[in-house]
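Working notes for the structure below.
Bear in mind the structure is a predicted one, so any value in this text is a computation, not a measurement. We name chains A, B, ... by the order of the sequence lines, and we start the count at 1 in each one.
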Number of protein chains: 2
Amino acid sequence: MPERKPRKDAARNRETIFAAADALFAGCEDPNDVTMADIAAAAGVGKGTLFRAFGDRAGLLRTLYASRLEPIEQAVEAGPPPLGPATPPQQRVLAVLDATLCFKLDNRRLTLALEDSGSTSPYQAEHYQRWHRLLRTMLEQIPGSTGGDFTAHVLLAAVRADLVEYLAGQEGLPRERIRAQLADFTTGVLNSGSSG
Amino acid sequence: MPERKPRKDAARNRETIFAAADALFAGCEDPNDVTMADIAAAAGVGKGTLFRAFGDRAGLLRTLYASRLEPIEQAVEAGPPPLGPATPPQQRVLAVLDATLCFKLDNRRLTLALEDSGSTSPYQAEHYQRWHRLLRTMLEQIPGSTGGDFTAHVLLAAVRADLVEYLAGQEGLPRERIRAQLADFTTGVLNSGSSG
DNA sequence: TGCAAAGCGGACCTACGGTCCGTATTGTTA
DNA sequence: TAACAATACGGACCGTAGGTCCGCTTTGCA
């Protein structure tokens with residue numbers, strides 16, 4: 001695949017749309033209130049341009065999300081401890097989950113929009129698969145652990161966008177409290193493996 | 001409020017709609033494919049009737065869901081062990097979660113439709129609040145346990161409709177395997193409390 | 001400078017949830 | 001059982017939002 005590069009104006013518009021969408025999601029109450037037409041208008045482009053650049057709503061959200069998440073994925077893949085690969089599994093599981101939680105706290109609206117979007121369940125998304133595989137692998141490296149696959153799913157469920165949104169938004173729990181609770185819970189899960 | 005009883009035809013239609021919706025959801029692939037117009041048509045009534053009877057889509061789904069769930073709620077509230085109130089907490093937590101899981105396995109499409117429906121997060125729903133409160137209370141009765149509130153959320157997240165759908169549907173895991181994994185995981189969580 | 005190719009934009013289409021209101025059914029009173 | 005309110009019916013209708021189409025413009029290459 002030669003994948004020839006896009007024209008200059010196309011690239012520019014892509015960036016503009018990207019920025020506009022980002023801003024709209026950041027400054028909204030309910031992500032569903034931000035329509036594709038809104039985004040196009042805010043970016044100063046036509047709807048056609050928007051849809052050509054990102055395919056559909058889910059595509060746009062995925063792209064936004066991926067770009068935000070990239071630093072964290074880098075850090076996990078090849079960064080220094082505690083996120084990087086050199087970290088002992090237990091500690092790394094905690095770090096990865098904490099990073100995920102923090103990310104979702106920092107990008108609540110966007111993440112919420114993404115997990116809402118479309119009727120496709122979040123579990124089909126390739127980025128979910130990646131995180132799950134990573135988590136499962138780490139869990140299986142912990143001696144005496146069992147059920148890594150299911151445990152990985154549940155740990156990821158513990159940081160799902162709408163739960164995080166509920167705890168931080170409706171319940172008004174402070175960030176540090178949620179982080180602490182997640183850490184406590186995860187620690188418990190990790191320790192229980194070796195005693196069962 | 002005296003809440004006068006509805007007319008005979010209204011009551012009859014309510015039942016008909018109810019049954020039609022039930023059947024459509026049971027026999028569909030994606031719950032979003034079942035539109036309100038479909039349900040009205042299948043029930044042989046006009047859309048007006050449908051909306052008058054249930055308010056909106058979420059209302060219909062809630063009603064369906066509640067009616068299906070009623071036996072379990074009865075059993076939890078006032079039934080014999082292991083679901084009923086006389087059961088020791090640890091055991092009851094396991095039983096309640098297992099019952100919830102089985103219910104969702106048996107009513108996958110409907111539950112999925114409900115948790116999808118609307119932009120309102122599942123966490124606002126009063127039935128979620130009820131289960132959460134129940135679970136939290138039980139968890140707090142277990143000596144040495146901490147973080148019952150968050151733990152209750154996570155345990156409920158472990159049986160969320162779309163996860164269950166994914167495990168049973170896409171992954172094709174057999175029912176008993178999922179149940180076993182949930183039981184293992186939950187047991188681990190319950191035991192970890194007393195060692196931390 | 002000329003000319004494809006790539007891209008633009010917004011009118012347009014479709015589908016779905018939800019409303020409205022003229023008509024039909026119910027049930028009550030005599 | 002005739003008459004009349006109250007209640008409910010049903011499907012035409014509406015608004016909205018995602019997504020498409022196509023005539024026009026911009027870009028980039030020779």
In whole angstroms, how far is the P atom of dG11(D) from the CZ atom of F51(B)?
15 Å
Whole Å only: how far is the CG atom of L50(B) from the P atom of dG17(C)?
10 Å
Whole angstrom value for the distance that separates C1' of dA17(D) from CG of D56(A)
13 Å
Donor-acceptor pair present, R52(A) side chain and dG9(C) base, under 3.5 Å:
yes
Would you mind reading off the distance between R57(B) atom CZ and dG18(C) atom P, rounded to a whole angstrom?
9 Å
How long is the line joining NZ of K47(B) and C1' of dG10(D), in whole Å?
11 Å
Does K8(A) have a side-chain nitrogen or oxygen under 4.0 Å from the phosphate oxygens OP1 or OP2 of dG28(D)?
yes
Tell me which of G55(B) and R14(A) sits closer to the 5' end of DNA chain C, going by the nucleotide each one is nearest to.
R14(A)
Could you give the CG-to-P distance, from N13(A) to dT26(D), as a whole number of Å?
12 Å
So, does T49(B) get its side chain near the phosphate of dG10(D), meaning an N or O under 4.0 Å from OP1 or OP2?
yes
Which whole-number value in Å describes the distance from N32(A) CG to dG17(C) C1'?
14 Å
Between Y166(B) and E171(B), do the side chains contain an N or O donor and an N or O acceptor separated by less than 3.5 Å?
yes
Using side chain to side chain donor-acceptor pair (under 3.5 Å) as the criterion, point out the one residue from E115(A), R133(A), H153(A) that pairs with Y128(A).
H153(A)
Please work out if R12(A) contacts a base, only the sugar-phosphate, or nothing of the nucleic acid, heavy-atom cut-off 4.0 Å.
sugar-phosphate
Going by an N to O cut-off under 4.0 Å, is there a salt bridge joining K104(B) and E165(B)?
no
Charged N-O contact under 4.0 Å between R175(B) and D106(B):
yes
Rounded to whole angstrom units, what separation is found between the CZ atom of R7(A) and the P atom of dA4(C)?
16 Å
In terms of side-chain geometry, is the basic nitrogen of E176(B) or R179(B) positioned less than 4.0 Å from the acidic oxygen of its partner?
yes
Within the 4.0 Å heavy-atom criterion, would you say T35(B) contacts the bases, only the backbone, or no part of the nucleic acid?
sugar-phosphate
